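Owing to the predicted nature of the structure, the values given are computational and were not obtained by experimental measurement.
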Amino acid sequence: MTNPRAFIRHSPACARCRRQRRIVLSLLALLIAFVVPAPAQTEAPPPAAVTAKPTPTPSPSAPLIAPAAVASPSEQCAAATGGAGAACCCGTQPPLQQIDEAAYRLPAGSTAKPYSHALQGRGGEPPYHFSLALGRLQNGLRLNVDGTITGQPTEAGTRGFEVQMIDSGGHSVTQLYTLPVYRPKAKSAETPSAATPAPPPKPQPLTALSLEDARAPAALKPTTVAEVYRLQPAVLDALKPSAAPVAISDYLLDETTVDNGGTVSPPAAAPAPPPAPEPAASSAAATIPPPPDVYDDNQAKQLKAMLQPLLGVEYPNQLMFSAALDAQLCAYVRQLALAAATKNKQTPPTDEQLSQNCPPNWATAKVVPDPSVTGRAVALRDLPTTLLPRPLREWLIAQALQTHVLEAWQPVLWTGGGCGCVLRDLSGEIYGFYPLWWAGPKPRQIDFSLLNRISYFALPFDDDGNLPYPDLGAPGVSDFIRVAQQHRTQIDLTVYRNNWDFLRNRSEASLAYTIEQLSKQAVELIDLPLPDQASRAKAWLPFLGETPRVGDGITLYFENLPSASGDPALHSTVQTFLRKFLLALITEMRKSNRPRALNIVIQDQQLLESNRFWTVESLYDTLRHAEDPWIIDGRIDGDSVQYKSNTNITVRYLVLLSEPSSENKKVLRRFLEASPQLHGGDRRIFLRKVIPILATGASDLKQFSDDMAYFADNFGGTGFWPTPIADETGPAAHLDLVKTNFHPSESSRSLSTEKLCGWTCPRRWPLRVIMELLILAGIISISLYGVSCRIRQLGKTYKACLLLGSAPTLMLGALLVQCDPQLQAVRQGNTLLWGLVAVLLLVAASILLKPRVVKP
């Protein structure tokens with residue numbers, strides 16, 4: 001019993017003595033219960049054994065829980081009189097016995113009707129006071145002080161909890177209960193008639209359409225389109241750069257004066273801007289609509305320099321691209337201000353002064369008069385909107401938009417390029433999103449050794465909750481899954497939706513059907529076994545066999561969630577839909593013991609805003625519901641550093657981190673630390689569930705290094721949109737920084753071991769087969785030596801062959817134990833030690849028991 005106070009609540013008197021006596025008596029009672037049949041009783045039953053913490057199970061139903069230990073009358077009397085050795089002076093006061101005579105499994109409830117049950121107490125001095133000592137009831141239920149459990153549950157499942165009863169004399173006793181709650185099946189909307197319906201009339205062939213039908217719009221099935229943002233070189237070519245070079249220090253801040261208060265005093269006049277040459281024509285910009293005429297040629301040159309770092313970087317949504325655009329603008333404003341202050345020998349503005357108006361509030365930003373026309377200097381507060389006027393910013397965002405039709409199960413071609421398996425000692429989770437439109441006609445090289453998981457983006461679901469199923473038998477459809485599994489990188493399937501109008505005016509039965517279909521099909525998809533012969537053969541390999549399946553987890557990526565201020569009715573409906581869907585999905589995922597991942601994609605700004613859709617409270621409740629941790633006093637019980645899920649589900653939150661990452665990563669950390677729902681170890685556990693996702697190639701090398709170090713120290717890992725691809729999405733130095741921060745071991749011994757395992761791990765399946773064939777050959781050879789006299793006559797020659805044959809078996813076995821991910825438990829435990837001891841004992845026994853033949 002590791003934590004007695006989590007299961008035993010008692011009065012303050014003689015707490016230590018009472019606990020010791022309770023444990024001794026409980027152990028004695030447990031021993032007697034197994035050895036001697038329990039005698040018949042006419043009064044109160046003897047004290048039951050102290051219940052240990054129930055073993056976690058991946059099943060959604062709670063484990064069987066025995067009633068908590070109850071102090072004997074002598075203990076209660078001793079506690080009441082102040083000590084274990086005090087004389088019993090309680091007189092005829094009946095001792096406090098237990099809460100209920102009934103079984104600890106309470107009557108089942110239903111989410112369709114109210115629930116009411118009264119707990120009964122015995123002994124002590126009534127009235128009794130009841131309270132929850134451990135765990136919690138289903139949502140919607142409450143335990144009243146008089147012992148009644150009332151309310152209407154809103155969630156199904158079985159929960160275990162502990163109730164404490166205190167009498168008027170201050171004595172207390174606890175008992176554990178389980179309360180099952182079921183969700184009734186949705187009834188069909190149509191009630192079948194008692195009489196057999198008449199067969200429908202045979203349809204007639206269509207020969208003509210009515211005028212109404214002929215002019216009606218075709219009811220085509222809507223296609224899900226994903227929207228991403230990527231600035232192409234043709235967009236910058238549409239700007240009109242000046243042929244004459246313009247230095248940063250030549251801008252209109254030259255004559256401004258910045259005081260310590262951050263105000264700007266414009267001079268009476270400002271020098272005229274340089275003459276504008278004729279712009280060069282660009283054939284690439286012919287298909288791009290012309291930008292708004294709100295800038296001059298001088299600004300065009302600055303815009304090309306400012307926007308250059310954004311070229312070719314893909315952002316998963318408009319918010320992240322807009323934030324990156326504003327971050328580049330503010331960085332350029334800072335560069336201009338510092339250069340002007342240095343040139344004019346003035347006091348440069350502080351970062352706080354610069355951040356007051358950058359980025360500006362674009363909703364209320366006004367058009368700044370052209371300084372070349374007014375002849376006045378640019379105020380510091382107006383510099384951002386002067387460099388990037390609002391119409392031009394909106395034009396850039398519109399031109400960066402790219403739409404991609406989600407054609408589900410498009411074959412992906414990729415290769416590891418000899419990178420080896422995922423490094424075993426990565427100190428965090430490394431994620432990558434692989435959008436379907438990145439799939440090309442030739443394989444792309446990915447460093448799988450630094451990717452724990454890749455989210456296959458994306459599988460849209462229709463209005464009825466149906467997901468597209470793959471044709472696994474078609475050529476090339478599932479090859480990418482086998483390549484990832486070969487490198488030990490796990491595949492998550494991304495369930496995607498960005499339009500929520502289908503939830504308007506839907507009945508509860510219709511929504512329940514959609515939720516049921518979506519949750520079941522999502523789990524069925526990741527559990528589909530790969531149908532090829534090689535994958536099926538892996539399941540039959542003795543001892544090391546496993547069944548390769550389509551996926552290892554589910555990623556939920558829901559965009560364009562309606563706001564409470566814009567559409568409150570739809571906002572409430574979507575919130576209810578997603579909450580019920582999460583509960584249904586978790587229930588489906590916990591129906592088997594197979595480990596699964598559940599990832600939820602969240603935008604950082606949507607998490608931080610006041611009127612947010614996702615809240616820390618809802619995310620924390622999802623974590624508790626999915627992983628079912630032990631809760632004591634409202635907090636997760638256990639070591640927060642070594643915390644692991646109690647179920648087969650591991651929850652993580654993939655937070656899309658907007659630019660500038662140097663600031664927003666700290667804002668996210670401070671926000672989570674200040675959340676009132678997180679306390680102590682819960683905060684550390686929750687932070688390790690957060691995985692910041694960066695746009696690949698968005699940061700320079702120095703900033704990327706700082707981000708990786710911060711993520712490794714404060715969060716549970718990092719991730720990228722899209723998955724880094726060699727020579728395409730960023731320099732190789734970025735991946736080296738990931739390895740440096742999340743795989744810090746750099747000793748020569750570890751590097752040589754990783755190189756050896758980098759060769760062994762992708763080839764582990766053929767090596768496993770060779771290993772088992774060698775073991776089988778060795779067993780047959782030894783058996784033949786024991787049963788065949790003719791072979792024994794070979795003597796030392798045969799023994800030498802056996803010895804030589806065992807050498808490659810031992811070498812290959814050592815290699816697999818060191819590098820095979822499935823043998824990690826053997827590698828880290830004492831199995832090898834006990835195996836060696838067993839072999840030595842067998843050899844010693846064979847030598848000692850060998851019959852000795854005395855020569856005549």
Side-chain angles (χ1 to χ4, degrees), residues 418 420-425 449 482 485-488 532-548 747-856:
C421 285
V422 181
L423 299 174
R424 294 196 309 268
D425 53 350
S449 67
R482 284 186 287 272
Q485 290 177 347
Q486 178 185 359
H487 295 85
R488 210 180 136 227
D532 60 291
Q533 295 293 338
S535 298
R536 283 188 284 185
K538 292 176 181 178
W540 292 95
L541 186 65
F543 306 109
L544 296 176
E546 58 185 48
T547 302
S747 64
S748 59
R749 181 178 179 182
S750 65
L751 290 177
S752 61
T753 302
E754 290 299 341
K755 290 181 179 179
L756 182 62
C757 291
W759 180 90
T760 304
C761 184
R763 300 168 177 83
R764 61 189 180 276
W765 280 106
L767 293 178
R768 288 174 180 179
V769 175
I770 295 173
M771 178 67 186
E772 296 199 0
L773 290 177
L774 288 175
I775 293 176
L776 180 62
I779 293 174
I780 294 175
S781 300
I782 295 175
S783 300
L784 290 176
Y785 183 81
V787 300
S788 175
C789 296
R790 186 171 297 178
I791 292 180
R792 281 200 300 270
Q793 289 176 357
L794 298 176
K796 295 182 179 179
T797 303
Y798 192 82
K799 293 180 180 179
C801 292
L802 287 177
L803 186 60
L804 291 175
S806 64
T809 306
L810 294 175
M811 293 175 61
L812 182 56
L815 186 63
L816 288 175
V817 168
Q818 179 65 26
C819 301
D820 193 332
Q822 195 167 341
L823 298 177
Q824 183 177 2
V826 177
R827 182 168 55 250
Q828 297 178 349
N830 297 323
T831 306
L832 292 177
L833 177 61
W834 289 112
L836 180 60
V837 171
V839 170
L840 293 177
L841 291 177
L842 289 175
V843 172
S846 64
I847 295 175
L848 294 176
L849 300 177
K850 181 179 180 180
R852 300 179 180 273
V853 179
V854 181
K855 294 183 179 181

Can I get a per-line list of side-chain donor-acceptor pairs under 3.5 Å for residues 777-787, giving both atom names and the distance, sequence neighbours left out?
{"residue": "S781", "atom": "OG", "partner": "A777", "partner atom": "O", "Å": "2.8"}
{"residue": "S783", "atom": "OG", "partner": "I779", "partner atom": "O", "Å": "2.8"}

Just distance, no hydrogens or angles: give the donor-acceptor pairs under 3.5 Å from side chains in residues 763-776, sequence neighbours left out.
{"residue": "R763", "atom": "NH1", "partner": "W759", "partner atom": "O", "Å": "2.8"}
{"residue": "R764", "atom": "NH1", "partner": "Q486", "partner atom": "O", "Å": "3.0"}
{"residue": "R764", "atom": "NH1", "partner": "C761", "partner atom": "O", "Å": "2.7"}
{"residue": "R764", "atom": "NH2", "partner": "Q485", "partner atom": "O", "Å": "2.8"}
{"residue": "R768", "atom": "NE", "partner": "D820", "partner atom": "OD2", "Å": "2.6"}
{"residue": "R768", "atom": "NH1", "partner": "L544", "partner atom": "O", "Å": "3.3"}
{"residue": "R768", "atom": "NH1", "partner": "Q822", "partner atom": "OE1", "Å": "3.1"}
{"residue": "R768", "atom": "NH2", "partner": "D820", "partner atom": "OD1", "Å": "2.6"}
{"residue": "R768", "atom": "NH2", "partner": "D820", "partner atom": "OD2", "Å": "3.1"}
{"residue": "R768", "atom": "NH2", "partner": "Q822", "partner atom": "OE1", "Å": "3.1"}

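Nearest heavy-atom pair, G420 versus P762, reported as atom, atom and distance to 0.1 Å: CA-CG, 3.9 Å. Of all non-hydrogen atoms in S535 and P548, the two that sit nearest each other are O-CD, 3.4 Å.
The NZ atom of K799 sits 11.5 Å away from the CG atom of L794 when rounded to the nearest 0.5 Å.
Annotation: side-chain contact (heavy atoms from CB on, under 4.5 Å) contacts of S806 (sequence neighbours excluded): L803. Applying the salt bridge (Lys or Arg N to Asp or Glu O under 4.0 Å) criterion to R482, with sequence neighbours excluded, gives D479, D532.
Side chain of R488 to main chain of V422: a donor-acceptor pair is present (N/O by atom type, distance under 3.5 Å, no hydrogens or angles).
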- Item | Derivation and outcome, disulfide (SG to SG under 2.5 Å), residues C757 and C819 | CA-CA 5 Å; C757 291; C819 301; 2.1 Å; yes

